[in-house]
Every structure is written in C-alpha cells, then in structure tokens.
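Contents: one structure, followed by commentary.
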Amino acid sequence: MSELINSSLRELSAALAAKKVSAVELAALFLDRIERLNPGLNAFIALDRDKTLAQAQAADETRRVGAGAPAISPLCGIPLAHKDIFCTRGWRTSCGSKMLENFVAPYDAHVVEKLAGAGMVMLGKLNMDEFAMGSSNESSYFGPVKNPWDISCVPGGSSGGSAAAIAARLTPAATGTDTGGSIRQPAALCGLTGLKPTYGAVSRYGMIAFASSLDQAGPMAKSAEDCALLLNAMAGFDARDSTSLERPAEDYTRDLDQPAALQGLRIGLPREFFGAGMDEDVRAAVEAALAEYRKLGATTVEVQLPNSGLSVPAYYVIAPAEASSNLSRFDGVRYGYRAPDYADLAEMYSRSRAQGFGAEVKRRILIGTYVLSHGYYDAYYLQAQKIRRLIAADFKAAFQQCDVIMGPTSPSVAFAFGAKSADPVQMYLSDIYTISTNLAGLPGMSLPCGFGRNNMPVGLQIIGNLFDEARMLNVAHKYQQVTDWHTRMPEGLK
Amino acid sequence: MSLNLEDVSRIALLSRIELSAAERASTRDQLNDILGFIEQLQAVDTAGIEPMAHAVDVVQRLRADVVTETDRRADFQAVAPETEAGLYLVPRVVE
Amino acid sequence: MTRAAQWEVVIGLETHAQLQTRSKIFSGSSIAFGAEPNVQASAVDIALPGVLPVLNREAVVCAIKFGLAVGATIAPRSVFARKNYFYPDLPKGYQISQFEIPVVSGGGLAIRLGAGDTASEKFVHLTRAHLEEDAGKSLHEDFHGRTGIDLNRAGTPLLEIVTEPDMRSSAEAVAYARALHALVQWIGICDGNMQEGSFRCDANVSVRRPGEPLGTRREIKNLNSFRFMQQAIDFEVQWQIAEIEEGRAIRQATVLFDPDTGETRSMRTKEDAHDYRYFPDPDLLPLEIKADWIDEVKSGLPELPQAMQQRFQSELGLSPYDAAALTASREMAAYFEAALESAGRENAKPVANWIMGELSARLNKEGLEIAAAPLSAPQLAGIVRRIADNTISNKIARDVFDALWAGDGKDADAVISARGWKQITDTGAIEALVDEVLAANQKSVDEYRAGKEKAVNALVGQAMKATRGKANPQQVTDLLKKKLGA
C-alpha cells in the first residue's frame, strides 16, 4: 500500500473506485507519514486525526452508496491539505501569524467547500509565510518549513508548507495561493507542479486577503494532470466574490488524453526572462526542457516584455498598499490577538498589532501606508497602477505572436535559510519571473524540469493567455508524459 | 525621497503599529532600502496611461436586495477577545 | 453698521440618508432597526478574515432615483474606494465609500424661504451624492469603564449628499435640510426618521467679510433635528465671529452640538492623525450604470414635488405657498389629489384650505400623520361640496368634520341628514324667522337705526342661534338689513 504515496490522483481514484483501498486507509497512510516526517519539516501546523478520519469515512460511504454513479467526483476519498490561509470551519486558521494563533474560523472558504463537496479528505492545515508575505517560508510565526530535498534550504514561499508536504509525499495534493509567485516559486523549489489560474477563476471567498487585486488560489500537486483534476473542483463562479468571473464550467482535463496536441504550438520566450540574473544551472534545465518541447512539435519564438523589469517595484507598491488596508481588520477587537497590557484604545491597537504581526508583515503595512498617504499617492500608487497597465499590455502584444510563454519560474534553485532574510529587496527579487503574471491577471504554472546545483529541483514556468488553463495544463502534461521529473521524490523520505 | 524618524513615527501611527525607539531607526533604514528600490518607477513616462486597479476588465455584479443572513452572534463572539451582553468591549472611547 | 452686516455666513451641508433597502449595502444582513446587539452583524459586517463585499442592486437604484430627482448627472461608471482609519465601530479598518468618481454629481434643490410677501426662492447646488456604508455604534454607558460595540448598523447603505457652500444663514440651511428630507421620503429612498438616525446632517460653517475668500470652516457633526441644526449653526456663527473679532484665527475642526447647553465643542479625537489614504477598493469592480437602467428607474419615479407644485399653480390656480404646503410630503399630496378628484377641480382652493387648516391642525394636535387621518379624502371632499352648494355653512361644516373624524357617519351627506343640519334656504321660512328676531330685539333694532351698524351682528347671531346654525348667515344678514333699512 505504501506505493500509493507516489500515485497520481487518477491512480488513487481508480484504486478507491476498485475498492483496492478505502478512503480511511488512504487517510491513515498519509496521517502516519505526517506523524513520522512532519516534525523534521514543519509543513503541517494543524492536524486533527479524528476529523480527518470522519471525513474519510463519509467519503467511503459516498462511494459505497453511489457506486458507479456519475455524480461521484473522481476526487472523492482522496486526501489533500489546505494552506492555512483558507478559512476552515472548526479548524484553527492562523495564516501563519501570531495574530490568528487562536482563531478558529466560523466558516469555510469557497475553495474548502468545493473540495469537501467533491469528497476530498482534509489532512490538516499547512504552514506558510505570515499572511502569505514571503518567498522562503521563513516569516511564519510557527517556524520555517524545511525543503524535503535538503532541509538546510528553504522550500520557497509563501505556499512553502503546501510544497514541502507534497514533495515529502505527506499529501497527494494541496491548495496554495499566489499573489506574486507563491504557488509557482515553492512548486519550482520543491520539484512540483502548481498552477495559478486566471484572476477571478477561483473564488477568493474565505481566503485571507493579502493583496486583493493579485491574490488567486490554485492547485499544487505532483503533475499537471493532478492539477487539472483539482482545478475542476476548485474553479467556478461564486456570487460571494465580486471579482469571481461568471463563466461556464470548464473541464480542464479535456485535452489531456488527446495525442500529439503540441504540433504547431508556438512558445514565446521573453528575452527579458533569459538575461543575466538567472543562475546557470536553472538556465541549463530550462533550455533542456525547451529542447524537449521542440521535439514534441512546438516551435519557439522570441517575444518581448519590455516592462517586465518594472514588475517587482510596481508590485512592491501595489501589494503592500492593498495589504496595509486589508490587514487593518486585525485590530484585536472582534477576534485575533489582543495585547495583554494597554492604557487606552490607541495603545490596544498599536500594541496588539505590533505584537501580533511579524517583522515582514509590519514592514509591508508601513510601506503600503506610506505609498497611499497624502502627497505620495500619485507618485507611488497611481504610478505603479499605470505601470501595471503597461505590463499587461506587453503580455497582450506577446500573445499575438505565441500561444504560451515559457521561462524559468525562479532565478535560482532553493537557497539556504537566512541567505536572503536580512535583505528584503533581495528576497523580493526571488519572484522576478512570476510577479508580472499576477499584475496582468494571467494564469501561470510551474512544473519540474530537472535538477540544478546540489541536486535541487528546477521549475519551468508556463504563462498562458487569460482563461487558457486547459491548454497550459495540456502543454505541461505532454511534457510530463515524456519526462519523469515530476515523479521524483527526495531520497531518504521514501 | 528618504524617510526620517519623524516620517516613520507618522506612518507607524497611521498604521497603528507601536515601534520602540530602536525599531524606529532600523525600520527607517529598511523602508528607505525598499523605497530606494521602488524609486525606479518614477523614471517611467506614464503620461496618458490609464491606471489599472483590477486584474480583469469587468464591471461590478449586483446582488438582489434579499436578507440572506441569520443571527450567528454566538459563533462569531466565541473567538472574540472580550464581549458582554452581546457587545464587543474595547477600552473606553472618548469623543 | 450692525455686526451681522459685517459678516457673511457660509454653510454647506453633508447629509447621510439611510437607504430603504431590506439588506445591507455589501451583505445579506437585515437593516431593521432596534435588534439585539450584533445579531444583524454577519461575517462580512464584522469583517471576518477572508470575507468579501457584494453590492446591493437596490442601493444603486436609490442613488439613481435621487440623481434623477435633483437633476444631477449619474455616472456611467463610478468607483468604490476605501477610506482608511481605525475606530472600533469600523470593523474593516476602512469604510467603503466613493471618492474620485461618485455615482451622482451636480444637480440641486430649490428651497423656499419665508412666507407671504417676503417669500423668496433659492437654488442650492449639490456637489455630489455617493454611496457608502454606515459604521456600527459605540455605546459609552458603563461596561466597567469600557465601551461596547454594536455592529448591527455596520454596512447599512447610506447616500451621502453634499451641497456646495451655498447657504447664507441657519434658516437657509434648515430650509434646505427640510426640502431634502421631504424629497428623499417622496422618492421612497429614505424613511427620514431622524430619531433613529436615518437622516443625519453635518454642517460646514464658516464666516467671512463680504467679498473676501472663504473663511476656515468648522464641521458640526450629527445634527439630528432641524431645531438643533438652527441652534447649533447660530451658536457656531456667533462663536466664530467673536473669535475673529477678538483676534483669534479659526482652526479647522470637527465639533459636536450639545443640546443641553446649546453650545458647540471640539471633539477630542485627534485630527492630526487623519490621512484617509483613499484608494479604489480592489474587492469591488467599477459600478456600471447604463442609460436603459436609468430610463427604467425614471419610469418608476413618482411625479416630483417641484413638478407637482408647478402643476397646482398653473392648472388649479393655487398660490406658490399653497402648492408648496400641499407637496410637503407625498402623502399630503396624495390626500389632496384624492380629495380634489372627489370634490372637483373648481373646489381646489377650499379643499386646499381645509387640508392646510382644519385637517392639519387636528392631525398636529393628535400627533397623527396624514396617512393615518381618520377622515378620508373623499369624506373631506364631501364636506367641501356641501359648503359649495350651500347645503351647510362653514360653521356646520366644522361639526360635520368632527363627526366624521369621530367615525359617526359614512360621509358628509349621511351626517347632515342624520342630524338635520341641512341649511335653511327657504326664503319664506327665513323671512318669518327674521321678523321674529326683529320683534324680540327692539333694542338692537333701535341701535342700528341710530347708526350703530354693528348692531346687526347681534341680530344675525340671534337668528343663527334660533336655527341652531342652519340658516345661511349671508341670507339672514341680507334680509335683516333689507328689513331694517325699510
């Protein structure tokens, strides 16, 4: 049975349907692994064996009662874990912060509801950078997450717990969120496949906001096929999110089984993504992947994203501005941390927030407050929004020449703890290839494409046009059918 | 543009984040590093460019005027730091 | 030169009108008044992490109605912004409002000042009206020296209506506020209940010497009655003038009016910490209002008071004063129109007089709204008709009014016939009566003949008394004079 830890979701689904394994057995298998391996990784920060097994039992019952019925989701009975940014009723939802250390959400996020509705079994909640602000998972109040490929290295962030948990095969799948690369960068650093959908494809309801106009939830798993199955359950219109898009439901797996679909695919290679700044080991792996795509029938064309160099500074105006306002609700009045000692209301606010938030969160709130403040709004915030439009326009032009864009996900493989944590700007540059996608609202994904320095995984990024997830997933899937990077797992964790 | 300690205090007050004297100085340096980094935006000519506030170009959807919520006070106040008689309590507010 | 002539008062008003929707502006919570604390505060209203706002369509309809009613421009695309500040009754740490592009801009309201010969009209220009959410309530009564927060009101839809600094006296400000108060109720977007806070005004007041630039203004917050508004502005104006005359500059401030002392005082909230950091709310997309939606709302709007006043003057020949009084509320106007329909347009003036006189006085005395009048419009019309055709005198008419008010009888005719109040118009009968009166009151007859013309009044009184008021007083007077003069 232990071979199931490396199975695809389709294989798990088939095993469950054939009654080769029960959902309870599957959940127990992963829970036991978590118990054994998580202390060394710190990926999970909330577990509740009874609740998990009760869900698994319910899934078994659903499959038993409705055996063969088309209404049963292929995901029914398959375990997954949620990034702790998603509100989960009856479970602590901390967002990686002391501020919410004791916050038990009184409601479920839309994504949590949808996946539970499909019968997926929740193993627990996953560690993350505090309020999703970070690229290394070092900002979590609950301690850093270790990269299963090398525990002296970061797993990436902010969905570092999700990435580490899947890489260590503590869960077959996880949810993540991506504001500037928080799904793709940890997926790259941990050798996984992760997708940030088009903004608005997945409801943000119940997902604790970092930067509302950039945040988007998405699936993380071993393969593109797994991500497609998960996205089928996660995506869809939700009336509770004004930015949720009203579109007919899509089957993101629809192209996966079609043969040779990459003939004639035009892959755009932005000159700006292949310049200096990318490590040579990353470049080598990405170039090899592109060669593989050419073998599969795709052609490559150079495109230009002339303003992409401005994406990180523009992002570090827009995201903190929105965050400074989004995080004002954490004031110690209705929920969350309240400082024990204060003389008056003003002190209750400023101490609760000073003690409840970590350094990076406070830094971003302060920057955000500053760029919105009187006299600076036009120079910073408005200017950044204008540059955001330029960046989006660059992509629009590029997609006139190509079907998908490819490049590295991260400029380097996973780095050591502490390597960048003292220098915020260096840390921000970890997301240099992923941020422009969020600014433009486009879908982006990362898939493993080899190994670099110290045998650490390298991620290939695919950026698609708006609503082009199905094509991207197929493009990734075809590559994964001829390579096995996505099936590799860290030695020593087997 | 570079922040001084007074600027940092003002921003911290607006943000309701208490900073000790030592934190104020280190915060000033960090914020100035970040501001130095985003300063490059100023060099870009954006004349005539419409600011982009949303990732997708759609308009607001409207909700029917229907009461859909029921009383969940007990649930919500179970996670509150301090309540009495159904009210959230805070230090006395003087107007 | 008097002090008043040396100073010009400049007033602008900001009014928060609570919109008459069922649910909140961004959540599905009820906005009913008076519920237990926090039972109408949903996850969105208390700003739990992760929840999101969705705009209530009806709130937008209210804004469109208002824009149409004041002849304003309705923005084809307006934007919701966040106004950031910390306060315990503001759960998100920001208020969702509109800043750079409000839903309604421009337009205005005509107000009437004074009455009779000195009456005048003035047009108060509106700067804008925008949609926003209300905050919760802070209860300062003692919870062990702490403040209690009730978020039931948080998220209640408001239309904030802002005027240009067009008003020049407290009387003008009150006249505008009353006109606005009547209008928002007229078009059905606000219940106007000032006690419950459905209609709250802030007044920006400054003074200057005529011809000089605007003075520094102080904002008087939360004026919840017209009387307080007048008192507060009057006090504030005198205070500002005194300050300046004593050589002190006015500093911009937010002040509260204390009805007990009749004075205004600065709020203790620190003004220096305010920097609202408005920016477009990323959770809400631009609000689009297409022309066909505006047309649809327009077709559902009632005739507006201004148009109705014009019509009453041109078609019915009523005075501007009467027309204004009859359109003070939609219920008043509806009552008048219903009575008119039954009484006939030729009786417009007496119908108007009865409504503004007897009916209004009685309603006032008993604390009733016109919609709750025990006397229906057709019943009132019945009285007017019988006066017009000389069936009853004005005096008897009041008795008929009383009877119908008390519910004695289904209409004027029934009351008149049941009580035998039909006016005596038979000339022969009146002539006999007059003869009797003349015979019995020789003293008055002598006085009249001696040149004291008023003596005839006593004789008329005797005749009316003898008929218990049923004789036509004019007929009696004419006949008496004729006989006395003979």
Side-chain angles (χ1 to χ4, degrees), chain A residues 102-104 106 198-200 213-214 239 242-243 245-246 310 312-314 316-317 324 328 331-336 338 342 344-351 353-354 357 362-363 365-367 369-370 373 379-380 382-390 392 423-425 428 438-441 466, chain B residues 1 3 7-8 10-20 23 26-27 30-31 33-64 72 74-83 88-94:
Chain A
N102 297 310
F103 178 69
V104 177
T198 304
Y199 183 86
S213 79
L214 303 164
S242 294
T243 62
L245 299 168
E246 281 177 284
L310 296 168
V312 180
Y316 277 96
V317 171
S324 70
S328 291
D331 58 4
V333 174
R334 300 163 313 286
Y335 51 79
R338 181 185 282 196
Y342 47 83
D344 55 19
L345 180 71
E347 241 179 51
M348 189 198 89
Y349 279 147
S350 62
R351 287 195 180 164
R353 290 166 61 79
F357 291 138
K362 285 190 267 194
R363 210 154 32 232
I365 291 174
L366 293 169
I367 282 286
T369 299
Y370 177 68
S373 67
Y380 287 113
L382 214 57
Q383 175 74 351
Q385 278 202 332
K386 290 175 181 172
I387 287 166
R388 181 177 188 179
R389 179 149 330 262
L390 293 177
D423 185 346
V425 172
Y428 298 169
N438 299 77
L439 291 170
L466 295 169
Chain B
M1 218 167 324
L3 302 179
D7 297 327
V8 172
R10 184 181 59 86
I11 299 164
L13 173 65
L14 276 176
S15 306
R16 298 296 188 277
I17 291 175
E18 185 177 73
L19 295 178
S20 67
E23 283 173 323
S26 61
T27 301
Q30 287 166 351
L31 297 190
D33 279 354
I34 297 167
L35 290 172
F37 173 65
I38 62 183
E39 198 62 37
Q40 55 184 298
L41 299 177
Q42 307 307 320
V44 184
D45 179 8
T46 53
I49 306 292
E50 181 77 6
M52 180 172 166
H54 295 282
V56 284
D57 188 21
V58 282
V59 297
Q60 179 62 34
R61 190 180 56 251
L62 300 169
R63 184 175 62 77
R72 291 195 58 200
D75 271 359
F76 295 159
Q77 295 197 343
V79 291
E82 194 181 358
T83 59
Y88 296 97
L89 293 195
V90 297
R92 188 171 205 109
V93 178
V94 187

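Atoms considered below: every heavy atom in the structure, side chains included; atoms not considered: hydrogens, waters and symmetry mates. Note on naming: letters A, B, ... go to the chains in the order of the sequence lines (proteins, then strands), and numbering restarts at 1 for each one.
Heavy-atom pairs under 4.5 Å with chain B peak, among Val312(A), Asn438(A), Asp423(A), at Val312(A). In terms of heavy-atom pairs under 4.5 angstrom with chain B, the leader among Asp344(A), Val333(A), Leu390(A) is Val333(A).
For Val58(B), the part lying near chain A is the side chain, with the backbone staying farther off; criterion is any non-hydrogen pair under 4.5 Å. Residue Val425(A) touches chain B through its side chain alone, counting heavy-atom pairs closer than 4.5 Å. Using a 4.5 Å cut-off between heavy atoms, Ser15(B) touches chain A through backbone and side chain atoms alike. For a residue to count as touching a neighbouring chain, one of its non-hydrogen atoms must lie under 4.5 Å from one of that chain's; by this rule Arg63(B) does not touch chain A. With a 4.5 angstrom heavy-atom cutoff, Tyr88(B) touches chain A only via side-chain atoms. If you measure heavy-atom distances from Leu245(A) to chain B, the contacts under 4.5 Å come from the side chain alone. Both the backbone and the side chain of Ala314(A) come within less than 4.5 Å of a heavy atom in chain B. With a 4.5 angstrom heavy-atom cutoff, Gln30(B) touches chain A only via side-chain atoms. For Ser242(A), the parts sitting under 4.5 Å from any heavy atom of chain B are the backbone and the side chain alike. Of the two parts of Arg334(A), the backbone and the side chain both hold a non-hydrogen atom closer than 4.5 Å to a non-hydrogen atom of chain B. Neither the backbone nor the side chain of Leu62(B) comes within less than 4.5 Å of any heavy atom of chain A.
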Inset, instruction - Go through Ser324(A) and Ile365(A) one step at a time and tell me if the side chain to side chain contact (heavy atoms under 4.5 Å, CB included) criterion holds. - result: CA-CA 4 Å; Ser324(A) 70; Ile365(A) 291 174; 4.3 Å; yes

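In this structure, CZ on Arg353(A) lies 10.5 Å from CE on Met348(A), to the nearest 0.5 angstrom. Rounded to the nearest 0.5 angstrom, Asp7(B) CG and Thr27(B) OG1 are separated by 13.0 Å.
Of all heavy-atom pairs spanning Leu439(A) and Arg388(A), the tightest one is O-NE, 2.7 Å. Between Phe357(A) and Lys362(A) the shortest heavy-atom distance is O-CE, 3.2 Å. In terms of heavy-atom proximity, Gln385(A) sits nearest to Pro51(B) at OE1-CB, 3.3 Å.
By the salt bridge (Lys or Arg N to Asp or Glu O under 4.0 Å) test, Asp75(B) is found to be paired with Arg89(A), Arg72(B), residues two or more places apart in sequence or in another chain being considered.
The aromatic rings of Tyr335(A) and Phe103(A) sit tilted relative to each other, their planes meeting at an angle between 30° and 60°.
Side chains of Arg16(B) and Asp331(A) form no contact here, defined as non-hydrogen atoms less than 4.5 Å apart.
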